Amino acid sequence: MKGEQMNYQAVSELITSSNHNVLIVGESISFEVDSFLNKLNITDYKYYDFSQIYSCSDRTLNDYAVIFIRNALNASEHIIIFNCTGWSDLNNESAVMQFARVARKSGKQLIVAVREQDMKKMEAEFGRIIKIH
């Protein structure tokens, strides 16, 4: 179901029992995605924090995104988590969206955390949308 609200255990089970890409949506830029993700009971994942490179120039942002994506494709972990809260490049042609389109073909499950205002740009590539408050 799109836009459902669930507790941590239910989210963990959803993620580990399906191969769908999951979009985790917070109400504002200040929502604590790291805290939320740390409470999930999932294993076999690799975490990338796009928000850490938000202050770079546009060219540098793109370079970092390409490095993150390449690393994620080559990671041995099955679940890839991108914290994209505050990430400026979330349009349909962004590196994150391109990865979302090929994640399952590459044997990966993608979990992306975004602010609510960015959800509409990304929801088409995700089988599940989970809102946290």
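Values in this document were obtained by computation on a predicted structure and should not be read as measured data.
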Just wondering, do [Y] and [X] contact through their side chains at under 4.5 Å, heavy atoms?
X: Arg115; Y: Val25; result: no
X: Gln109; Y: Val22; result: yes
X: Val112; Y: Ile24; result: no

Problem set entry | Cluster check Ile67, Ile69: I/L/V/M/F/W/Y, side chain < 4.5 angstrom |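 Ile67 and Ile69: separate clusters.
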Exercise. Can Leu40 be reached from Tyr47 by stepping across I, L, V, M, F, W or Y side chains whose heavy atoms are under 4.5 Å apart?
Worked result: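 Yes, Tyr47 connects to Leu40 through the hydrophobic network.
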For this session: Might you point out which heavy atoms bring Glu123 and Ile129 nearest each other, and give the distance in Å?
Result: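 Scanning both residues, the minimum pair turns out to be CB-CD1, 3.3 Å.
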Problem set entry | Exercise: identify the closest heavy-atom pair between Ile111 and Ile42 |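 Looking at all heavy atoms of both residues, the shortest contact is CD1-CD1, 4.4 Å.
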For this session: Quick one: do Phe99 and Phe82 satisfy ring pair (Phe, Tyr, Trp, His ring centres under 6.0 Å)? Show the steps, please.
Result: CA-CA 11 Å; Phe99 184 83; Phe82 290 159; 5.4 Å; yes
Can you check whether [Y]'s main-chain N or O pairs, donor with acceptor, with [X]'s side chain at less than 3.5 Å?
X: Asn74; Y: Arg70; value: yes
X: Glu77; Y: Asp44; value: no
X: Asn21; Y: Leu110; value: yes
X: Lys108; Y: Ala100; value: no
X: Tyr48; Y: Ala72; value: yes
X: His78; Y: Gly107; value: yes
X: Asp118; Y: Lys120; value: no

For this session: Rounded to the nearest 0.5 Å, what's the gap from NZ on Lys121 to SG on Cys84? Could you check?
Result: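 Atom-to-atom, Lys121:NZ and Cys84:SG are 11.0 Å apart.
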Exercise. CG/Leu73 to CD1/Ile80 distance, rounded to the nearest 0.5 angstrom?
Worked result: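 Atom-to-atom, Leu73:CG and Ile80:CD1 are 8.0 Å apart.
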Problem set entry | Verdict with supporting geometry, Leu23 and Arg128, side chain to side chain contact (heavy atoms under 4.5 Å, CB included) | CA-CA 6 Å; Leu23 190 63; Arg128 295 282 183 158; over 6 Å; no
Problem set entry | Residues Met122, Val96; criterion side chain to side chain contact (heavy atoms under 4.5 Å, CB included); working and verdict | CA-CA 9 Å; Met122 302 187 71; Val96 172; 3.7 Å; yes
For this session: Determine, stepwise, if the pair Ile81 / Lys46 fulfils side chain to side chain contact (heavy atoms under 4.5 Å, CB included).
Result: CA-CA 6 Å; Ile81 301 173; Lys46 188 150 187 171; over 6 Å; no
Exercise. Would the number of heavy atoms belonging to other residues, nucleotides or ligands and lying under 6.0 Å from CZ of Arg101 be above 12?
Worked result: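 Correct, the count exceeds 12.
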For this session: For Arg104, check salt bridge (charged side-chain N to carboxylate O under 4.0 Å, His left out) against everything at least two apart and list the hits.
Result: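 By the salt bridge (charged side-chain N to carboxylate O under 4.0 Å, His left out) rule, Arg104 matches no residue at all.
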